[in-house]
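I have placed the structure first, in the form of structure tokens, so that the comments after it can refer back to it.
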Amino acid sequence: MTEHLTPSTEPAVSSTVVREGPTFESLNPRNGDVVGVHPIHSADEVNAAVERARLAAIWWRDLGFEGREDFLLQWRSVVTRRMAQLAHISHLETGKPHSDAQLEIALAIDHIHWAAKNAKKSLGQHKVPSGIMMANQHASVRYNPLGVVGVIGPWNYPVFTPLGSITYALAAGNAVVFKPSEYTPGVGQWLVDTFTEVVGGRPVLQLVTGMGETGNALCTANIDKLAFTGSTATGKKVMAACAENLTPVVIEAGGKDSLIVDEDADLSAAADAALWAGMANAGQTCIGTERVYVHRAVFEPFMDELLQRARALRAADDTESKIGPITMPSQLDVISRHIDDAIAQGGRVVLGGPEAVGERFVQPTIITHVPETSSAVTEETFGPTLVVNPVDDMDEAVRLTNATSYALAGAVFSKRNGVRIAERIRSGMTSVNSVIAFAAVPGLPFGGVGESGFGRIHGVDGLREFTYAKSITRQRFKPLLNLTTFDRDAKTDKTAATLISLLYGGRKTIR
Ligand code: NDP
């Protein structure tokens, strides 16, 4: 690959495959043009990739933290230098504006850097206090790689999201087999090609492409862990498939995040953030804002701020537009259904509406006073829509926010009580007086609870997610009381009981 290519000098097709066997096309959602042709890998081909990965995993593991750090930092530099090239492929396959694609890549690069630099400190051997009863032991723990990790990625953030698993799994010493979404195989191919180039062609990070069947084959292959990002419904299928071999899973599923606006909030900042978090990437963001709860005392001025900004926003197929198309055509029906249901249940359309849903693009739509029973409030919409409802106080805002089965992330705007409100929200991540900031802090764990999934990517937790803890005790000197022998006598038992009583038998006052 040539470095420093700009989009205009780069061929549109990231990976045109000449291959025996079935293939599929990735399409440009702006106009339906074919972007690339990719193999539909069979279960046998997936299994073969996993077997290749198993050998490569040994080489990669044995490099140690420093060796892997060198390769990962080299990859970071390659991705950075060729960012425009990758952004162009992402723009073609997802339809997102070029600048959004670039921002996504920039954030992912920061994660590669952090994971490479922090793997040793987070996972390397470290001493643990052995306690009074085992004072003669030296205790330590280290976190070993699992071996081969399967990663199934989505199309909405085809760089940042899968790399959240891939980068951390690699930094922890695993080989990875990656199945990107059928909508973004070219992005997946680019990521794998550049990494493979850096490690001299070794299959440490491999690509398998295809539809759901290929993903299912990866779940049932001889892998040591599966990291999935996508819908809750598919997450359940993935978990069931992985259960066959007792393969552990990380599930990063959907969300229905809210943004809460308190009466003392900076309304201009809150409106700006709500609009961006709801509409950027055409609303196709798992941690995007779908619901806004605004203190009744500031509802009117907040809506004025929001609408003033929203009226200037349009989804269109031109370079000026900040909103691209809906990547997955079937999503248009979901968006329509939610808008119709919100209106049928009494919601008031203040921008957009049913006619905002076109053949490829959806115009910004804002609906207020939507009953909490509407599917526009309870289900993930994944479109440029916002439901904005007034609330009497922050107790009600928190109660309604927590009333969904999802619990991924969210935001709070309040000058005085932001953190206090954030702490009461049942979700994996909350940002106060900003949106999605937590995803851009590499040291912070990322993931949800409830139907939003479980397990963590990013941060120390994200590194440990792809390891197993290995505990070792080493006897430093003979114990004063030898408890693990059949020679133990009544006197030893009595001394042990006396010791434990002295240590822990005292009365504890309740605070
Ligand atoms: P899916 O959950 O269906 O797909 C996510 C990934 O899983 C894709 O790579 C997909 O492959 C793969 N997959 C599909 N079926 C299986 C299977 N049986 N076994 C293993 N892997 C499988 O999401 P969609 O792309 O269909 O989007 C549907 C909805 O999911 C959206 O409307 C949105 O609500 C939500 N979503 C949430 C995301 C998030 O970040 N939380 C991201 C994307 C979607 P393939 O694409 O080839 O089918």
Side-chain angles (χ1 to χ4, degrees), residues 22 24-27 29 38-41 43 46 93-94 104 150-165 177-188 207-221 223 226-244 247 249-257 281-288 290 326-338 362 375-376 378-383 385 405-409 427-429 436 439 446-448 450-455 457:
F24 69 103
E25 293 171 342
S26 80
L27 305 176
H38 299 265
I40 298 177
H41 285 120
V46 172
E93 288 196 324
T94 64
E104 180 193 339
V151 174
I152 295 179
W155 43 265
N156 54 342
Y157 290 89
V159 178
F160 184 78
T161 302
L163 284 191
S165 298
V177 178
F178 172 36
K179 152 71 177 71
S181 164
E182 71 197 62
Y183 295 99
T184 53
V187 172
L207 187 81
V208 290
T209 50
M211 314 293 161
E213 294 74 34
T214 307
N216 183 264
L218 184 56
C219 294
T220 52
I223 54 172
L226 192 286
F228 168 83
T229 308
S231 64
T232 304
T234 307
K236 289 176 186 173
K237 287 188 204 161
V238 162
M239 211 174 152
C242 286
E244 264 182 46
T247 302
V249 289
V250 184
I251 304 284
E252 299 292 342
K256 190 73 190 176
D257 293 348
N281 208 36
Q284 305 165 115
T285 306
C286 57
I287 49 170
E290 299 217 350
I326 297 302
T327 306
M328 194 174 65
S330 60
Q331 198 64 25
L332 293 163
D333 289 342
V334 177
I335 299 167
S336 275
R337 185 165 56 77
H338 289 184
V362 176
S375 55
T378 58
E379 295 174 19
E380 190 174 38
T381 306
F382 242 51
T385 63
S405 50
Y406 292 115
L408 189 56
S427 75
M429 299 135 322
I436 74 158
F446 182 106
E451 295 228 335
S452 292
F454 51 83
I457 55 174

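By convention here, the first residue in the shown sequence is residue 1. All ligand and atom numbering here is 1-based and tracks the order in the structure. The structure presented is a predicted model; accordingly, all values stated were derived computationally and were not measured.
Here the heavy atom of the protein found nearest to atom 11 (O) of ligand 1 is K179 NZ, 3.0 Å. Atom 39 (C) of ligand 1 has as its closest protein heavy atom C286 CB, 3.2 Å. Distance from atom 45 (P) of ligand 1 to its nearest protein heavy atom, with residue and atom name: E182 OE1, 2.9 Å. The protein heavy atom nearest to atom 12 (C) of ligand 1 is I152 CG2, 3.7 Å. At the shortest separation from atom 25 (O) of ligand 1 among protein heavy atoms lies W155 NE1, 2.5 Å. For atom 31 (C) of ligand 1, the closest non-hydrogen atom of the protein is Q331 OE1, 3.6 Å. Annotation: atom 26 (O) of ligand 1 to nearest protein heavy atom, M328 SD, 3.5 Å. At the top of the distance list for atom 9 (O) of ligand 1, counting protein heavy atoms only, stands G153 O, 2.8 Å.
Side chain to side chain, Y183 and T94 fail the donor-acceptor criterion of an N or O pair below 3.5 Å. The closest side-chain donor-acceptor pair between T381 and K256 falls under 3.5 angstrom.
For T229, heavy-atom contacts with ligand 1 shorter than 4.0 Å involve the backbone as well as the side chain. When heavy-atom distances to ligand 1 are checked against a 4.0 Å cut-off, A253 comes that close only through its backbone atoms N, CA, C and O.
Counting atoms of ligand 1 from 1 in the listed order, those under 4.0 Å from a heavy atom of G254 are 41 (N). Within ligand 1, counting atoms from 1 as listed, the ones closer than 4.0 Å to a heavy atom of F228 are 2 (O), 5 (C), 6 (C), 7 (O). In summary, the atoms of ligand 1 found under 4.0 Å from a heavy atom of T234, numbered by their order in the structure, are 1 (P), 2 (O), 3 (O), 7 (O), 13 (N), 14 (C), 15 (N), 16 (C), 22 (C).
Residue-environment remark: CE (M239) stays at or below the threshold of 12 foreign heavy atoms within 6.0 Å.
The minimum heavy-atom distance linking G188 with F178 is given by the pair CA-CE2, 3.6 Å. Across all their heavy atoms, I436 and I287 have their closest contact at CG2-O, 3.5 Å. Closest of all the heavy-atom pairs between S452 and G448 is CB-CA, 4.1 Å.
Of the polar atoms of E380, at least one N or O is found under 3.5 Å from an N or O of ligand 1, judged by distance alone.
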>> What verdict does the salt bridge (charged side-chain N to carboxylate O under 4.0 Å, His left out) test give for K236 and E451, after you've listed the backbone C-alpha separation in whole Å, the side-chain angles of each residue and the deciding distance to 0.1 Å?
In response: CA-CA 10 Å; K236 289 176 186 173; E451 295 228 335; 3.7 Å; yes
>> Please evaluate residues Y157 and T229 with respect to the criterion side chain to side chain contact (heavy atoms under 4.5 Å, CB included), reporting the C-alpha separation (whole Å), side-chain torsions for both, the decisive distance (0.1 Å), and the verdict.
In response: CA-CA 10 Å; Y157 290 89; T229 308; over 6 Å; no
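Partners of S26 under the side chain to side chain donor-acceptor pair (under 3.5 Å) rule, at least two apart in sequence or in another chain, are E93.
Judged purely by atom type and a 3.5 angstrom limit, E244 has no side-chain atom pairing as donor or acceptor with the backbone of T220.
Of the listed options G215, S231, G210, S231 places a heavy atom closest to atom 2 (O) of ligand 1.
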